[in-house]
There are 2 protein chains.
Amino acid sequence: MAKATDPKSNDDAPTRRANDAAAATRRPSDAVTAAWIALMRAQQVAMRRAERALRRAELPAYGWYDALWELEKAGEDGLRIGEIEQQMLVAQSNVSRLVDRLEAASCIVRRPCPTDGRAQLIVITDAGRAVRARMWPIYAEVIQSVVGDHVNDADASLIAAILAPVIADRGD
Amino acid sequence: MAKATDPKSNDDAPTRRANDAAAATRRPSDAVTAAWIALMRAQQVAMRRAERALRRAELPAYGWYDALWELEKAGEDGLRIGEIEQQMLVAQSNVSRLVDRLEAASCIVRRPCPTDGRAQLIVITDAGRAVRARMWPIYAEVIQSVVGDHVNDADASLIAAILAPVIADRGD
DNA sequence: GCCACATTCATGCGATTGCATCAAGTTTGA
DNA sequence: TCAAACTTGATGCAATCGCATGAATGTGGC
C-alpha cells in the first residue's frame, strides 16, 4: 500500500496528453515524492514551533532573526536589500518592508551606497545585535527540540549535505 | 571557518544567565543547526517554485492540492475540518477558509455530520478531483526538478526516514 | 552627450495568515 | 434533568505575503 501521504496521482494518466510540454511530463519517483513531503511537513512543524516560541517570549518573528544574523555576519559594510533577499530567499518587496520594520525598531540603519545611488547599505546596530542575542536562546531551544532531540549528528549532517544541491539550484 | 549560514551566536554566552529557564539553555550542535537551516532553505526553494509554477499555469495554490489530495484519499466519507487540519498542519481557521474557497469553486461539498451536529463532512466532488488531476503534472514537474534532479532515490528515502520522527513530534 | 534599456528599491493592492474570540452542539457529573 | 465544561468550526482583525508596477539611478551604444 502506498504511504498515507503519497500525493502521487493514480489517475494522472488520463490527464496526460501526447503533446504536453516536455516539462510537464516528468514524474518524480516514489522516494523523491516521499522526500518532498517530508521536507514540506518537517519545515511546517519547525517553523510553526519557532514562531510560536518566539511569540510566547514576546520576541520578534523568525524573519527578524534571519535578517539580523545575515547583517551581523556582514559587519559594518552592511548588505544591500538585494543581498539580503538572496540570503533569505524571500521576495524583494518583503525584504524592503522587513527592513522598514527593523529600522523602526532601531535594529538597523540605512546608509547611502557610495558607489551606487540606487542602492543603500543596511547596517545592523547595537540594538539589532542585542535583539538577535535575546532571540537566540529561544530559537536554539526550538532547533534542539524539533531536530536535535530526534536526529543524531551524523544524520543531521547527512541531511544538510543531501539538501545542499537542492538549495543551490536557483533555476526558475 | 563556520558555514556561511550558521546562525550560531558567538555572543550568546554574555546573554546567558545562571537561572534562565532550563528550556532556554539547551543548545543544538553544529550539525543539527546545519540540518535546520538546510530544512528551512530547501523548503523555501521548493515552495516558492511550486507556487510560481502553479500560478504560471493558472492553477490554484499549493494548499488546494494538499487539501484535495487528502479529501480524495478520504473518499465518499469525507473529512472533518479538524481532520484536514491535522493532515495539512495548518491552523484551523485557515482550513476553514480554504474549505470556503474550495466550496466556492465547487471542488467540495459540505455535508452535515450524522453523528455530531457541530461537525461537518467535507467531501470532494468530481470537479475537485479534476482540479487536482490538472494540478498534478505541474506539481510533479516541480518535485522532480527541485528534488529529483539533485537527490537519488536512496538519499531521498533517507531524508524521509530521518525526518519522520521530526514530523511525528507534535509536542508544543 | 544623449537616449534606450537594465537595475535597485519602494509601494499599492488583493490574498492569505495566525490569533483571539464567538456561537452552536455535545459530554459530563451531580 | 440541568448546568458547567469541552469541542467544533466560523469570523473579526491586524500583520504579512507575493505580484505588479513605479520612481530613481546607472549602463552602454551611437
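As the structure is a prediction and not an experimental result, all values here were calculated from the model. Every chain is numbered from 1 and lettered A, B, ... according to where its sequence line falls, protein lines coming before strand lines.
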Looking at residues at least two apart in the chain, or sitting in another chain, which of them share a side chain to side chain contact (heavy atoms under 4.5 Å, CB included) with [X]?
| X | answer |
| --- | --- |
| B:Q44 | A:L89, A:V90, B:R41 |
| B:V123 | B:E76, B:V109, B:R111 |
| A:A105 | A:W64, A:C107 |
| B:D116 | B:R80, B:C113, B:R118, B:A119 |

Without decimals, in angstroms, what is the distance between [X] [atom1] and [N] [atom2]?
| X | N | atom1 | atom2 | result |
| --- | --- | --- | --- | --- |
| B:L98 | C:dA15 | CG | P | 15 Å |
| B:M47 | D:dC17 | CE | C1' | 12 Å |
| A:D100 | C:dT11 | CG | C1' | 10 Å |
| B:E83 | D:dT8 | CD | P | 10 Å |

Could you go through residues 153-166 of chain B and list every donor-acceptor pair under 3.5 Å that involves a side-chain atom there, pairing it with any protein atom two or more places apart or in another chain?
{"from": "B:D153", "atom 1": "OD1", "to": "A:S29", "atom 2": "OG", "distance (Å)": "2.7"}
{"from": "B:D153", "atom 1": "OD2", "to": "A:S29", "atom 2": "OG", "distance (Å)": "3.4"}
{"from": "B:S157", "atom 1": "OG", "to": "B:D153", "atom 2": "O", "distance (Å)": "3.1"}

**Item:** Close approaches to DNA chain D from residues 108-119 of chain A, in residue order (heavy atom, under 4.0 Å)
**Value:** A:D116, A:G117, A:R118
**Asked** Can you name the residues that form a salt bridge (charged side-chain N to carboxylate O under 4.0 Å, His left out) with B:D77, not counting sequence neighbours?
**Response** none
**Request:** Check salt bridge (charged side-chain N to carboxylate O under 4.0 Å, His left out) between B:E103 and all other residues, then give those that pass, not counting sequence neighbours.
**Result:** B:R110
**Asked** Which dot-bracket string describes DNA chain D (Watson-Crick N1-N3 plus N6-O4 or O6-N4, or G-U N1-O2 and O6-N3, all under 3.5 Å; [ ] crossing; | other strand)?
**Response** ||||||||||||||||||||||||||||||
**Item:** Flag for A:Y139-A:W69: side-chain donor and acceptor within less than 3.5 Å
**Value:** no
**Asked** Would you say the side chains of B:S145 and B:R49 form a donor-acceptor pair under 3.5 Å?
**Response** yes
Short heteroatom pairs, N/O only, protein and nucleotides 12-16 of chain D, under 3.5 Å:
{"from": "D:dG12", "atom 1": "O6", "to": "B:R97", "atom 2": "NH2", "distance (Å)": "2.7"}

**Request:** Could you list the residues that satisfy side-chain hydrogen bond (donor to acceptor under 3.5 Å, both in side chains) with A:E85, not counting sequence neighbours?
**Result:** none
**Request:** Could you pull out all residues at least two apart from B:E83 that satisfy side-chain hydrogen bond (donor to acceptor under 3.5 Å, both in side chains)?
**Result:** none
**Asked** Which comes earlier along DNA chain C counting from the 5' end, the contact point of A:S96 or that of A:R55, where each point is its nearest nucleotide?
**Response** A:S96
**Request:** Please tell me which of the listed nucleotides, C:dC9, D:dT8, D:dT11, lies nearest to the side chain of A:Q92?
**Result:** C:dC9
